[in-house]
Amino acid sequence: MPIPAILRPVSVTRTSEFYRLRMADTQAEIVKGLRTTVQTYGGTFPGPTIRAVRGREVVVRQTNDLTVHTAVHLHGGHVPSRYDGLPMDLVEPGETREYRYPNNQVAASLWYHDHAHGLEAENVYRGLHGAYLLSDPHESSLPLPNGEFDIPLLIRDARIEADGTLQYVRPYDCPHMLVNGKERPYFRVAARKYRLRVYNVSPNRHVSLRFADGAHFAQIASDGGLLATPVTLNELTLTGAERAEIVVDFSRYAVGSSVVLMNTAALDTERPEVLRFDITRRAEDPSRVPDVLATLPPIPKGTVEREFHMSTFPDTRINGRKYDPDRPDVETTLGTSEIWTIRNTLTRKPAGVFHAPHSFHTHLVQFRVLDRDGHPVGPAEAGLKDTVIIHPGETVRIAMTWDDYPGEYVYHCHHMVHSSHGQMGRIDVLPVESQEPDGTSKGITK
Ligand code: C2O
Ligand code: CU
């Protein structure tokens, strides 16, 4: 299993790191012995990992040398609207666009991916995704596994034909599971603890990960950063775009043995194996998982409530509407805390059809998941989240505060085939002073 390279800055100033990336087609060996044409950031599949530090700005100049238009979104990032990579803020073929990320949020495993209007599902599928690891002094001070024992795992599905062609097909017609760009790879580990940053970068499917021997592990972080305390699990479900950081202790295995990570949500027609860990050596292990990881901010006390209905038939919509970049669906004012109730209007899992959950993702903010069908969510979902799975028939409530950056943003299902077909809405965060005395707004400018 390869580990995506860390991108090197082209220059560094007192406040900022400057990076350059070129989006271009290249060939990758995803399945052993086959050459596959993919779309990349910087020539690798997945793209290189960007490392950022809280309080230091990251500037990425992206040049589009592909034949399709693109938009680069930092998923989970607290970013001004003009650098958010909105669906219509396109980088046309031949163009260059600069994105500035302030990194004024807590340490988290974020990712960057394509968001071009209507094209995001295919562009991400073809390779436009990469990890963005933000650290902060608190997180770095914890005795967690680090350095070569801190590894991102970018998991996704794909369909690769016998001649190597990457076929863009309907969801769940993708039997190849990839980790960091290789099909069902193996990874040589030492018999000690590892911090694994597990990403589901599949455009269209959720995975449920479990070790073949049922081994437990500790989840230490969710989408937006560290959990308050570690949570012991033996199965981890991630819908597309969700992340979880887990600490796995391989010292329970003998050197020379192996353990396989399985996807228990694989279809009957698919192989469930995702990744094999080969325990090849002993190693010192000064790391540990502290009992207390972080102090979470208080849950926003919502003063505005909104409802969102996520439908599947006849088409994937939010509140019956298809995304229109020219129509704000929600207007709020900077600093407002809100409670959003999101319902998957399918009453149950449709018989004979693949399991079709929706998910919900908002730009700009990390939210908190209050409850699912009225029951408080478990500790693994109680931290900072930017994407939440919503199964058929479920109702999920989330709370967030729209702070720091006024402007246009979007929220959407992160099943990217759904968002590409319009299961997305526009939210305008209005600056406080733009509110007229009669309550109407002057709208926003980017
Ligand atoms: Cu990961 Cu609006 O996206
Ligand atoms: Cu959906």
Side-chain angles (χ1 to χ4, degrees), residues 41 46-47 70-79 81 83-90 99 101 108-125 128-132 154 156 170-172 199-206 223-224 238-243 308-323 325 329 342-346 349-350 353-367 385-394 396 407-427:
Y41 292 114
T70 61
V72 187
H73 173 57
L74 178 60
H75 181 114
H78 191 58
V79 170
S81 173
Y83 303 128
D84 192 51
L86 287 168
M88 301 307 289
D89 285 347
L90 297 172
Y99 295 90
Y101 304 129
S109 297
L110 309 176
W111 60 301
Y112 59 104
H113 68 72
D114 189 68
H115 218 303
H117 183 38
L119 276 184
E120 69 268 28
E122 182 160 1
N123 281 348
V124 171
Y125 181 86
L128 293 182
H129 51 73
Y132 185 104
L154 275 59
R156 56 163 290 180
R170 71 181 182 92
Y172 293 74
Y199 287 70
N200 182 0
V201 296
S202 306
N204 302 308
R205 82 148 81 195
H206 68 283
D223 304 329
L238 296 176
T239 191
E242 275 187 302
R243 291 85 68 209
F308 300 87
H309 291 177
M310 311 292 282
S311 58
T312 306
F313 301 112
D315 210 339
T316 50
R317 296 285 180 259
I318 301 180
N319 291 343
R321 302 213 276 196
K322 182 182 164 125
Y323 174 62
D329 297 288
I342 305 143
R343 192 159 69 84
N344 183 334
T345 61
L346 269 189
K349 181 178 168 192
V353 181
F354 64 81
H355 180 41
H358 292 296
S359 64
F360 202 81
H361 166 56
T362 56
H363 286 213
L364 182 64
V365 294
Q366 292 289 328
F367 54 73
K385 293 285 295 167
D386 54 52
T387 307
V388 63
I389 192 166
I390 306 173
H391 294 282
E394 276 184 353
V396 169
E408 179 184 334
Y409 292 95
V410 291
Y411 53 86
H412 55 89
C413 178
H414 217 291
H415 214 69
M416 287 183 140
V417 165
H418 296 179
S419 62
S420 293
H421 285 161
Q423 196 170 37
M424 169 143 44
R426 168 174 159 183
I427 176 167

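For reference, positions follow the sequence shown, starting with 1. Remember, it's 1-based here, ligands and their atoms both numbered in the order they're listed.
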State whether Cys413 contributes an N/O/S atom found under 2.8 Å from the Cu ion (ligand 2).
yes
His358 and Gln423: side-chain donor and acceptor closer than 3.5 Å?
yes
Does one side chain, of Arg243 or His75, offer a donor that lies under 3.5 Å from an acceptor on the other?
yes
Distance filter under 2.8 Å, centred on atom 1 (Cu) of ligand 1 - protein N, O or S atoms that pass it
His75 ND1, His113 NE2, His414 NE2
Are a donor atom and an acceptor atom from the side chains of Ser419 and His414 found within less than 3.5 Å of each other?
no
Restricting to N, O or S, what is the name of the atom of His358 that lies nearest the Cu ion (ligand 2)?
ND1
How about His361 and His363: are their ring centroids closer than 6.0 Å?
yes
Do any N/O/S atoms of Gln423 come under 2.8 Å of the Cu ion (ligand 2)?
yes
Between CD of Glu242 and OG of Ser202, what distance do you get to the nearest 0.5 Å?
11.5 Å
Of all N, O or S atoms in His418, identify the one at the shortest distance from the Cu ion (ligand 2).
ND1
Do Gln366 and Asp386 have side-chain N/O donor and acceptor atoms under 3.5 Å apart?
yes
Report whether any nitrogen, oxygen or sulfur of His415 sits less than 2.8 Å from the Cu ion (ligand 2) (N, O or S, backbone or side chain).
no
NE2 (His412) to atom 2 (Cu) of ligand 1 to NE2 (His363), nearest 10°, is 120°
Indicate, with yes or no, if the rings of His78 and Tyr101 have centres closer together than 6.0 Å.
no
His421 ring center near His412 ring center (under 6.0 Å):
no
With ring-ring contact (aromatic ring centres under 6.0 Å, His included) as the criterion, how do Phe360 and Tyr411 come out once you've worked through the C-alpha distance, each side chain's angles and the decisive distance to 0.1 Å?
CA-CA 7 Å; Phe360 202 81; Tyr411 53 86; 5.8 Å; yes
